[in-house]
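For clarity, every value in this text was computed on a predicted model and none was experimentally measured. Numbered from 1 within each chain, the chains take letters A, B, ... in sequence-line order.
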Amino acid sequence: MLQLSYIRDNKDDVLKRLAIKNFKDAESIINSIIELDNNRKSAQRQADDTKAEANGLAKQIGDLMKSGKKEEAETLKIKTAELKQKEKLYDDALKGIEQEMHKWLVTVPNLPHITVPVGKTPEDNEVVNEHGSIPVLHSSAKPHWELTTKYDLIDFELGVKLTGAGFPVYKGKGARLQRALINYFLDKATAKGYNEVQPPILVNADSGYGTGQLPDKEGQMYHCQVDDLYLIPTAEVPITNMYRDVILKEGDLPIKNCGYTPCFRREAGSYGKDVRGLNRLHQFDKVEIVQIAHPDKSYETLEDMREFVSGLLQELELPYRTLKLCGGDMSFGSALTYDLEVWSAAQQRWLEVSSVSNFETFQTNRLKCRFKDANGKTQFAHSLNGSALALPRIVASLLENNQTETGIKIPKVLVPYTGFEIIA
RNA sequence: GGAGAAAUGGCAGAGUGGUCGAUUGCGGCAGUCUUGAAAACUGUUGAACCGUGAGGUUCCUGGGGUUCGAAUCCCUAUUUCUCCGCCA
C-alpha cells in the first residue's frame, strides 16, 4: 500500500511510475484518493470539534455535580444530547470515507524503482547477466519427469492418488535429495547471518493482508474455511508478518531471517508444458530469506541478497541468468525484482528458481512495521525477500543437466548432505 | 472439549464511573559527578490523525452497549493462566 502523504506530495511522480507498471486508470484513481483524503480531513475536523465540545461539557457537568449544583448540571445534560447525535453522524461519515479510501488504496500497486525497464511481457525483462555454460547432453538424454520415473525418485501418479495433480511423492534418493537441498540452503543462509526460523504454515487473514496476498490474490491461496486460515504460498508471509505492528530500534536493522517451509499454491489458470513434472506444483519446498532494512540501505541489501542467491547456483554448478523484471512483469507489491533462472537442458528452457524483491514501504505500511530513527521519529522500514531457493525446478535442472549414460551426478557441495555421489 | 480466573505503556505492576493517556518500579535516552566506567543523583521516555501554531481528537486485547462522562459497569469475540478430559 502506498503512503498517502507520498501520493499527496508527489502526484506527478506517482502517475509517471504507475504508468511503467502499466496500471490502468491511475489518474482517476489517484484523484479520487486525494479527494477522499481531503474529505476525510474536514470530516475528522468536524468530528473532533464536536467531541471536544462534548468532552468539555461532560467535565463541567462533573464539576457541577460535585459542588451540588444539580439543576445546572441537568440543563447541560440536555445540551449534550444534541451533540451526541451530531457526533454519531460525523463519526459514521468519517468511517465511510476512510473505508472508501482504503478500498481504493489497496488496488494501487507499488511504484517501480527508477531503474525498472519499461515493458509489458516477460520478453521485455532486462537480462542482467548469464553465468555458466550450457551443457551438451548425450543423445538419449531425457526430461526430468522421465528421469524421476527411471530412477524411482518421484512418483507423480501416486501423488494424484493421494491428493491430486501437483502433489508429488518423493521417494528414496529423491526424498533424500530434497532433504539435502533444504539443509544445504539453510546452512548457507545461516552462515550468511540469517537467523533461522520455523514459522507456522497456516496463517490468519491479517497476515495475508500484511504482505499483500489479500485481498487481490485470494484465489491463489488454499483456504481452510472452517477456521478461516490460509496455507502459506511462501514463507515470506509468516516471516515478514512477525514484524507486523512492531516498532524497531534503528540499531536493530537490518533484520535477517530465513526459513524453510512447504509452500502451497492453487495455481488456478495454469496449463500445458508449464505444469509438466516439477515445473509447477501445488505443494513445493522452499527456503526463503527475508530482511527488514533501513530505507537508505535497502537497495544495497537487495544486491547482497541477489549475490547470495547467485552464489548458491554457482556452487550447485547450474547455468543461470539474472533478469531485472520490467514494469509489466513485476508483482503487485514490488519496487524492484530480480528473477534468477536456471537452464533446463533437456527441456531447452529457462526455469525461474528465485525471485528477489525490494518492497520498500509497500508491505511495511500495511504491516505497520516501523523503526525509530536518530531523531526519535518513527518511519516505515523497508522489507525485502527472496527465494534461496525453491526446490522443484532446481531438482529438475540438476537431474536433467547432470545426467550421463551411467547415472545422475550430484554436485560436490551436496554430497555431504546426500551421502551419495551419483543416482544410478 | 468442560469449569474457573485474567488481559493496562518496551517489561513488571497500580488504578473499580468524573483533570487518567493513565501512580510507581525496571529498562531506554540525556545530563551531573568521574581520567574512563560503574554506582549515585537530576531530567526525560507510547502511538495515530487534524492543525502553521496554541492546541484538539482517538487508542488501557478486538468489537458492541449503558452513561452527560468508561481503563473502571454490561454483552461478545479472541488470547493467556489454573483445574478436569483427550492426546502426538
Practice task
Before giving the answer on salt bridge (charged side-chain N to carboxylate O under 4.0 Å, His left out), spell out for A/Lys88 and A/Asp92 the whole-Å C-alpha distance, their side-chain angles and the decisive distance to 0.1 Å.
Solution key: CA-CA 6 Å; A/Lys88 188 157 166 43; A/Asp92 288 349; 3.6 Å; yes
Problem - Pairwise C1' distance for B/A77 and B/A7, with rounding to whole Å - result: 13 Å
Completion exercise
By the Watson-Crick or G-U definition, both distances under 3.5 Å, B/G17 is matched with none
Handout entry: Rounded distance in Å - NZ (A/Lys84) to C1' (B/G69)
Key = 10 Å
Practice task
Look at the side chain of A/Ile61 and decide which nucleotide, out of B/C68, B/U57, B/C49, has an atom nearest to it.
Solution key: B/C68
Problem - Nearest-Å distance for atom pair CG/C1', residues A/Asp37 and B/C50 - result: 11 Å
Problem - Opposite nucleotide pairing with B/C11, Watson-Crick or G-U, both atom distances under 3.5 Å - result: B/G25
Problem - C1' atoms of B/A6 and B/A48, separation to the nearest Å - result: 28 Å
Exercise for the section: Under 4.0 Å between any heavy atoms, over every strand shown, what does A/Lys372 touch: base, sugar-phosphate, or nothing? Just pick one. Expected result: sugar-phosphate
Problem - Distance, P atom - from B/C84 to B/U61, rounded to whole angstrom - result: 30 Å
Handout entry: Complement of B/A88, any strand, by Watson-Crick or G-U distances under 3.5 angstrom
Key = none
Handout entry: Distance, C1' atom - from B/G85 to B/U66, rounded to whole angstrom
Key = 39 Å
Practice task
Kindly assign one of parallel, tilted or perpendicular to the pair A/His294 and A/Phe371, based on the angle between their ring planes and the thresholds 30° and 60°.
Solution key: tilted
Exercise for the section: Output the single nucleotide from B/U58, B/G51, B/C68 whose closest atom is nearest the side chain of A/Asn55. Expected result: B/U58
Exercise for the section: Round to a whole Å and report the spacing from CG of A/Asp48 to C1' of B/U57. Expected result: 4 Å
Practice task
Could you state the atom-to-atom distance from CZ of A/Arg45 to C1' of B/C49 in whole Å?
Solution key: 12 Å
Fill in the blank from the handout: As its Watson-Crick or G-U partner within any shown strand, both distances under 3.5 Å, B/C83 has B/G2
Exercise for the section: Tell me which of A/Lys51 and A/Arg40 sits closer to the 5' end of RNA chain B, going by the nucleotide each one is nearest to. Expected result: A/Arg40
Exercise for the section: Could you please name the partner base of B/G31, counting Watson-Crick and G-U wobble pairs only when both distances are under 3.5 Å? Expected result: B/C41
Handout entry: Spacing of the P atoms in B/U52 and B/U45 (rounded, Å)
Key = 25 Å
Practice task
Could you give the distance separating B/C60 and B/C20 at their C1' atoms, to the nearest angstrom?
Solution key: 10 Å
Exercise for the section: Give the minimum heavy-atom separation between A/Gln363 and A/Glu236, together with the two atoms involved. Expected result: NE2-OE2, 2.8 Å
Exercise for the section: Among B/G18, B/C49, B/G51, find the nucleotide with the atom closest to the side chain of A/Lys41. Expected result: B/G51
Problem - Presence of A/Thr378 side-chain N/O under 4.0 Å of B/A48 phosphate oxygens OP1/OP2 - result: yes
Exercise for the section: Please work out whether the ring planes of A/His223 and A/Tyr230 are parallel, tilted or perpendicular, with thresholds of 30° and 60°. Expected result: parallel
Handout entry: Inter-nucleotide P distance (B/G27, B/C81), Å rounded
Key = 28 Å
Handout entry: For atom CD1 of A/Ile247 and atom P of B/C11, their distance in whole Å
Key = 12 Å
Completion exercise
Scanning all shown strands, the Watson-Crick or wobble mate of B/G53 with both distances under 3.5 Å is none
Handout entry: Length of the CG-P vector between A/Asn38 and B/C49, whole Å
Key = 16 Å
Handout entry: Side-chain donor or acceptor of A/Ser387 paired with backbone N/O of A/Ser355 under 3.5 Å
Key = yes
Problem - A/Arg370 vs A/Lys95, nearer the 5' end of RNA chain B by closest nucleotide - result: A/Arg370
Exercise for the section: Considering only atom P, compute the distance from B/A22 to B/A30 and round it to an integer number of Å. Expected result: 25 Å
Fill in the blank from the handout: Between CD of A/Gln44 and C1' of B/G55 the distance, given in whole Å, is 14 Å
Practice task
Would you kindly say whether A/Tyr338 and A/Glu126 are connected by a side-chain donor-acceptor distance under 3.5 Å?
Solution key: no
Handout entry: Side-chain donor-acceptor pair present, A/Ser207, A/Asn204, cut-off under 3.5 Å
Key = yes
Exercise for the section: Mind calculating the distance between CD (A/Gln46) and P (B/G51) to the nearest angstrom? Expected result: 14 Å
Fill in the blank from the handout: Re B/G62: Watson-Crick or G-U wobble partner, both distances kept under 3.5 Å, found to be B/U76
